[in-house]
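Below: the structure, in structure tokens.
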Amino acid sequence: MIREYAIIGGGIGGCSIAALLNAKGHDVVLLEKEPSLGGCASTFLHHGNHYNAGATTISGYHEGGIVRRVFQTVGVTPNVIPSNPAITIIQGDKTCIRYRELERFIGEIETFYPHAKHREFWTLVHTLGIAFYEMQGHYYSNKSALMKIRSLLSLYPIVKRFWRYLFGNARDFITRFYGTLSPQYLDFLDAQILIVAQATSDKVNFFTAALALGYTFNETHYPLGGMGAVCTSLTSKIPDVRTRCPVMSIVKENDIYTLTTPQETIQCKNLIMGTSHYESSQWFSDPTIKKYYQKYEKRNNHQSAFVLYMTLKTLTPYHHHYQLIAETIIPHTLSKSLFVSFSDPSDTLIAPAGFYRITASIHTDTRFWTLLSKTQYQDQKKELQNLLQQWICDKLGVQNEEIVECFAATPKTFGRYINRTQLGGNALTLSNFLPRLPSNDTPIKGLYQIGDTAYAAQGWPGVIMGAFNCMRMIDGKH
Ligand SMILES: Cc1cc2nc3c(=O)[nH]c(=O)nc-3n(C[C@H](O)[C@H](O)[C@H](O)COP(=O)(O)OP(=O)(O)OC[C@H]3O[C@@H](n4cnc5c(N)ncnc54)[C@H](O)[C@@H]3O)c2cc1C
């Protein structure tokens, strides 16, 4: 039997497109290498304890948000609860809470870093977010010169409305806006821009920076049972989801794709790659397809993550998410900030009462890890693990005796499990903006690409925007 659509990779990208196609009545098979779905947003077991592998925060599930839209379209409701506050930021001896309500947050930031321009600045950030998410009808394809021109025309209303924030870097814009700006406040802004946009204010335009700074003005959500459970629920109506099913090779012949897995070979008319763009070419033998993927290799920023996992036994109350900001870049990383997520005390699917699971991540470069000897690698991993553990203890009041378990993952660890060392996807930097990004359709018949290395890039909202865009290409509505 030749399947209509095979989707390789059960990250949020593969899960979303598979669920959307299935909801439209298409024949779909979803193939995931690992025992559970989720990829960067999976939940795994270690010594019987559950941990989120990377992603911990669901943004875009507020009323009208794109993540909510995918669940509504598919007709399932994920088991999530609001996170309030969205993030608690600790920088030096200051603690600043990112309240969702604009007025409350302006009050907070004025105490944190007094400045007369805060109201105007944060109101602009807030307004740009609302205005952008209201805009519909745009799409993106670069499969041919004509499609590129047509999709850029579809984006014209956005360019027309926001042009003054699109050109030039955000740091210059912010510096001009405020007049005077302390380096600490710039670090505060950059830490938040980095976790969403995957780049700091000197590399992105102000529009991207504003969307990154403003995401906490919408409700964010915590996944009960872990991020992986949300991916499982999204795909729950698909009859054919196969885990522990790594695709080892793909042959294209007469417009049919033949996929080899350890269990069987699967043939399909349409293939959707939910794997990273930078890894996908390895499974193909077709030289045209290999060339297509290799064309984008220069977009690989080698950015990745070092992740610390901890179990704590404590009765101390914690918020869902903290961001710790240091004065200097942490050794073996690219960042001054660590994002620390705690399980919710009510989430006994993840941790029994009286225990917390922690996933804490910091940006790094794949090459800081992949070019080392085995001993250097192990020493460096231990050094960074200890440093981050100590930082968490110092800033969040964790006692060493409360730590039941602590271990870490490097870009190499992610490579071993989910076949990718570059994490976080493509950053929408000034040198990597839309016309240069790979789209969800390709010039190759029946081949599509989904996920954070294709349009619209990183994070669940970006990846899901790509899934809707992909559906639009498949439906021919452009
Ligand atoms: C540390 C970290 C923290 C993050 N935090 C957040 C957050 O809080 N909120 C947020 O919205 N985003 C966050 N992100 C970003 C977000 O997690 C990713 O952008 C998104 O999950 C990527 O999804 P994806 O489907 O593109 O790819 P992936 O999640 O990488 O999925 C690809 C899948 O393909 C599978 N696969 C690979 N090779 C094969 C093969 N040969 N056969 C079958 N299957 C294969 C892999 O196992 C994997 O499951 C974070 C990312 C990281 C790394």
Side-chain angles (χ1 to χ4, degrees), residues 6-18 29-42 44 52-61 65-67 83 86-87 195-196 198 215 220-223 227-228 230-231 234 242-250 259-262 266 272-280 282-284 303-309 320-321 323 338-341 359-364 409-411 413-427 440 449-464 466-467:
I7 293 109
I8 304 182
I12 186 62
C15 290
S16 305
I17 191 69
V29 55
L30 174 61
L31 310 167
E32 166 56 42
K33 168 185 176 285
E34 285 296 295
S36 53
L37 300 174
C40 292
S42 57
F44 65 94
N52 285 318
T56 53
T57 311
I58 300 178
S59 63
Y61 191 71
I66 192 146
V67 178
S83 274
I87 328 177
I195 55 166
V196 180
Q198 306 302 321
Y215 87 91
T220 57
H221 287 82
Y222 170 95
M227 294 294 276
V230 179
C231 293
L234 181 58
R242 304 184 197 180
T243 52
R244 296 179 206 273
C245 191
V247 172
M248 298 177 309
S249 68
I250 308 166
L259 322 180
T260 306
T261 74
I266 297 165
I272 305 184
M273 299 299 289
T275 50
S276 146
H277 234 83
Y278 308 119
E279 312 292 346
S280 291
Q282 66 184 289
W283 296 293
F284 289 95
Q303 199 158 275
S304 194
F306 182 93
V307 188
L308 188 76
Y309 307 99
H320 288 159
H321 308 290
Q323 188 169 36
L338 179 68
F339 194 78
V340 189
S341 297
T359 297
S361 59
I362 188 162
H363 286 80
T364 186
T410 71
T413 321
F414 281 92
R416 200 160 65 243
Y417 287 101
I418 62 167
N419 274 341
R420 63 184 289 192
T421 51
Q422 193 273 5
L423 298 170
N426 276 330
N440 306 114
Q449 178 75 39
I450 199 83
D452 61 11
T453 51
Y455 177 82
Q458 71 276 346
W460 278 33
V463 172
I464 290 172

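Just so you know, ligand 1 is whichever comes first in the structure, and atom 1 is the first atom listed for that ligand. Just so you know, these numbers use all the heavy atoms, side chains as well, and skip hydrogens, waters and symmetry mates. This one's a predicted model, so the numbers in the text were calculated from it and none came from an experiment.
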Contact between S304 and ligand 1, counting heavy atoms under 4.0 Å?
no
For I450, which part has a heavy atom under 4.0 Å from ligand 1: side chain, backbone, both, or neither?
neither
List the closest protein heavy-atom neighbour of atom 25 (O) of ligand 1: residue, atom name, distance to the nearest 0.1 Å.
G13 N, 2.9 Å
Ligand 1 contacted by S59 (non-hydrogen, < 4.0 Å)
no
Quick one: does ligand 1 sit under 4.0 Å from the side chain of L423, the backbone, both or neither, non-hydrogen atoms only?
side chain
Under 4.0 Å, heavy atoms only, figure out whether ligand 1 is touched by the backbone of R420, its side chain, both or neither.
side chain
Atoms of ligand 1 close to G451 [distance to a heavy atom under 4.0 angstrom, numbered from 1]:
26 (O)
Tell me which one of D452, T56, I418, V67 gets a heavy atom nearest to atom 37 (C) of ligand 1.
I418
For F414, state whether at least one heavy atom is located under 4.0 Å from any atom of ligand 1.
no
Which atoms from ligand 1 have a heavy atom of C40 less than 4.0 Å away?
17 (O), 21 (O), 28 (P), 29 (O), 30 (O)
Provide, to 0.1 Å, the distance between atom 41 (N) of ligand 1 and the closest protein heavy atom, together with that atom's residue and name.
V247 O, 3.0 Å
What part of I8, side chain from CB on, backbone N/CA/C/O, both or neither, has a heavy atom under 4.0 Å from ligand 1?
side chain
Closest to atom 4 (C) of ligand 1 by heavy-atom distance, out of C231, A55, G39, A454, is A55
Of the listed options (M248, E34, E32), which comes nearest to atom 47 (O) of ligand 1 when hydrogens are ignored and any heavy atom counts?
E32
Considering the heavy atoms of L31, write down every atom of ligand 1 situated less than 4.0 Å from one of them.
43 (C), 44 (N)
Distance filter under 4.0 Å to T57 heavy atoms, resulting ligand 1 atoms:
7 (C), 8 (O), 9 (N), 10 (C), 11 (O)
Ligand-side contact atoms (ligand 1) for residue partner A305, heavy atom cut-off under 4.0 Å
1 (C)
Going by the atom numbers of ligand 1, which of them fall below 4.0 Å from some non-hydrogen atom of C245?
43 (C)
Which one holds for N419 and ligand 1: side chain close, backbone close, both close, or neither close, with close meaning a heavy atom under 4.0 Å?
side chain
State if S276 counts as touching ligand 1 under the rule of any non-hydrogen atom under 4.0 Å.
no
For ligand 1, which atoms have a heavy atom of S361 less than 4.0 angstrom away?
1 (C)
Under the side chain to side chain contact (heavy atoms under 4.5 Å, CB included) test, residues paired with Q458 that sit two or more places apart
Q198, D452
What protein heavy atom sits nearest atom 31 (O) of ligand 1, and how far away is it?
G11 CA, 3.3 Å
